[in-house]
Amino acid sequence: MKTLRSPRGMIISFFYHTAFIWPDKIYLRVMYRMMLGQKLNLKEPQTFSEKIQWMKLYDRKPEYTVMVDKVKAKDYVSAKIGKEHIIPTLGVWSDPEEINFDELPSRFVLKINHNSGTGMYICKDKSNLDVVKVKAELKKGLKENYYLRNREWPYKDVPRRILAEEFIEPAPNVIDLPDYKWYCFDGEPKYCQVIQNRTTNETIDFFDIEWNHQNFVGLNPAAGPAAVTPSRPANLETHIRIAKMLSKGLRFARIDLYETGEKTYFGEITFYPLSGFGVFTPDIYNKLLGQMIKLPGERDYDFKNIE
């Protein structure tokens with residue numbers, strides 16, 4: 001017996017499957033209502049979620065396409081912060097059939113350059129690699145129209161390719177490499193979102209730039225703070241310097257970094273965390289972070305007065 005879908009789930013599924021016929025604004029208004037249960041205010045957006053939708057529609061610059069392209073971003077970022085912070089590339093291909101897996105090391109990472117997640121494979125032991133399955137997932141990732149699903153405009157014209165990178169070893173006694181995601185506003189990193197244990201029991205913590213733990217979490221409502229508060233990164237000053245350099249001139253950007261204990265590596269530049277459909281707990285932080293994104297005509301915000 002098939003499980004009946006809720007009306008909300010049916011509407012979301014319908015819009016996903018007919019996404020190509022809907023103008024961006026109409027599509028986002030409907031999806032915002034379905035995902036967050038609220039009307040999307042585009043005339044006077046107030047919250048972080050609303051302003052992310054506004055940015056999708058009205059903040060469009062050609063260079064954003066380079067910034068989100070996982071292949072081209074490497075050269076763009078290297079020119080700004082130095083190649084020592086770039087994870088070495090093992091290969092770039094347009095088709096999974098072009099990959100010679102015998103030439104890859106025993107540990108490596110595969111990802112699609114224009115999306116997030118679909119087709120990604122973290123290989124920790126090549127002797128256990130199911131090449132047929134990995135190729136199938138890569139083909140699925142290449143076919144994905146990442147722009148169309150949530151109208152994240154910069155991904156629309158990214159040439160679709162497969163990227164192989166060196167496997168970055170986490171610090172000693174760490175199972176998964178933590179993500180350090182810096183929320184930056186007009187070139188100023190304000191908060192760092194630390195995500196740990198993605199493959200086991202994901203946890204999320206937020207810190208300010210002095211590494212004071214914050215009393216909110218987001219954007220995944222199922223993930224709470226870690227039982228043991230994440231320690232200050234050994235290279236915190238480097239994190240902040242890189243986040244400032246890469247977010248300079250950008251209304252809002254999330255700069256993702258990795259820390260191995262000795263080195264700091266660039267991950268990616270993201271303009272739309274969880275596509276603006278995530279939630280903060282408590283919800284007041286949706287508005288507080290929204291106030292930090294300054295849209296045309298809005299006053300400059302005094303970051304020091306944010307609590």
Side-chain angles (χ1 to χ4, degrees), residues 2-43 45 47-73 92-98 110-121 133-163 219-220 251-254 268-279 293 295:
K2 293 183 178 180
T3 302
L4 294 176
R5 292 184 179 179
S6 67
R8 172 180 170 275
M10 292 176 66
I11 293 173
I12 291 174
S13 179
F14 171 75
F15 268 80
Y16 277 158
H17 286 90
T18 61
F20 60 94
I21 70 173
W22 301 104
D24 290 353
K25 188 182 293 186
I26 292 175
Y27 185 87
L28 288 176
R29 285 189 184 279
V30 173
M31 293 305 296
Y32 193 87
R33 171 75 76 174
M34 292 299 102
M35 299 296 286
L36 297 177
Q38 301 170 6
K39 181 179 179 180
L40 175 59
N41 180 356
L42 289 172
K43 289 186 177 181
T47 66
F48 182 84
S49 301
E50 289 176 332
K51 290 188 177 182
I52 292 297
Q53 310 310 317
W54 185 97
M55 288 175 60
K56 292 180 190 177
L57 294 170
Y58 303 117
D59 186 3
R60 298 184 172 186
K61 297 178 181 179
E63 55 265 37
Y64 293 173
T65 295
V66 174
M67 293 181 193
V68 302
D69 183 334
K70 292 180 176 64
V71 172
K72 292 184 178 180
V92 178
W93 308 272
S94 298
D95 188 320
E97 300 302 330
E98 299 172 357
L110 290 172
K111 58 182 69 172
I112 304 299
N113 70 317
H114 81 289
N115 69 4
S116 178
T118 306
M120 183 174 184
Y121 181 73
K133 183 177 180 180
V134 169
K135 285 183 177 180
E137 287 300 309
L138 289 172
K139 290 177 181 179
K140 181 179 178 182
L142 287 172
K143 290 180 180 178
E144 183 179 27
N145 191 327
Y146 195 70
Y147 146 75
L148 202 59
R149 187 175 182 88
N150 287 312
R151 296 308 199 267
E152 299 188 14
W153 172 82
Y155 297 94
K156 185 176 183 179
D157 295 321
V158 175
R160 302 178 188 183
R161 290 182 284 180
I162 302 164
L163 169 67
L219 296 162
N220 179 2
R251 179 174 279 113
F252 167 78
R254 197 191 74 200
E268 63 179 326
I269 299 174
T270 300
F271 293 102
Y272 322 107
L274 215 61
S275 207
F277 296 133
V279 297
I293 301 178
L295 302 186

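In this chain, residues are counted from 1 in sequence order.
Here the closest heavy-atom approach between residue L142 and residue H114 is recorded as O-CE1, 4.0 Å. Between L138 and P96 the shortest heavy-atom distance is CB-CG, 3.8 Å. Heavy-atom minimum distance, E50 versus Y32: CG-OH, 3.3 Å.
Between the R160 side chain and the K143 main chain, a donor and an acceptor come within less than 3.5 Å of each other. A donor-acceptor contact shorter than 3.5 Å is absent between the side chain of D59 and the backbone of W54. For the pair T65 (side chain) and P154 (backbone), a donor-acceptor distance under 3.5 Å is present. The backbone N or O of S275 lies less than 3.5 Å from a partner atom in the side chain of Q53, making a donor-acceptor pair. Judged by distance alone, with hydrogens and angles left aside, the side-chain atoms of K70 form a donor-acceptor pair with the main-chain N or O of N115 at under 3.5 Å.
Within the model, atoms OG1 of T118 and OH of Y146 stand 8.0 Å from one another, a figure rounded to the nearest 0.5 Å. The distance from the CG atom of N150 to the CZ atom of F277 is 5.0 Å, given to the nearest 0.5 Å. To the nearest 0.5 Å, the span separating OH on Y272 from OG on S116 amounts to 14.0 Å. Expressed to the nearest 0.5 Å, how far OG1 of T47 lies from CD1 of I293 amounts to 9.0 Å. In this structure, the separation between CG on L28 and CD1 on I52 is 11.5 Å, given to the nearest 0.5 Å. The structure places CZ of R149 at 4.0 Å from OH of Y16, a figure rounded to the nearest 0.5 Å.
Looking only at side-chain heavy atoms (C-beta outward), R8 and M35 come within less than 4.5 Å of each other. Taking 4.5 Å as the limit, every side-chain heavy atom of S49 sits out of range of all side-chain heavy atoms of V279. Contact annotation: the side chain of I162 approaches that of I112 to within less than 4.5 Å [non-hydrogen atoms, C-beta and beyond]. Looking at heavy atoms from C-beta onward, Y27 lies out of side-chain contact with L148 at the 4.5 angstrom threshold. Taking 4.5 Å as the limit, some side-chain heavy atom of M31 sits within range of a side-chain heavy atom of I12. Annotation: side chain of E268 is in contact with side chain of R254 (closest heavy-atom distance under 4.5 Å).
Residues Y147 and K56 bring no donor and acceptor atom of their side chains to less than 3.5 Å of each other.
With salt bridges taken as basic N to acidic carboxylate O contacts below 4.0 Å, none links K72 and E63. The residues D24 and R60 are annotated as salt-bridged, a charged nitrogen and a carboxylate oxygen being separated by less than 4.0 angstrom.
Of the options E97, E98, E144, a salt bridge (charged side-chain N to carboxylate O under 4.0 Å, His left out) to K139 is made by E97 and by none of the others.
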Task: Worked verdict on Y58 versus K25 for side chain to side chain contact (heavy atoms under 4.5 Å, CB included) - done: CA-CA 10 Å; Y58 303 117; K25 188 182 293 186; 3.1 Å; yes
Open item on the list: One pair to check against side chain to side chain contact (heavy atoms under 4.5 Å, CB included): K51 and F252. What are the steps and the verdict?
Closed with: CA-CA 10 Å; K51 290 188 177 182; F252 167 78; over 6 Å; no
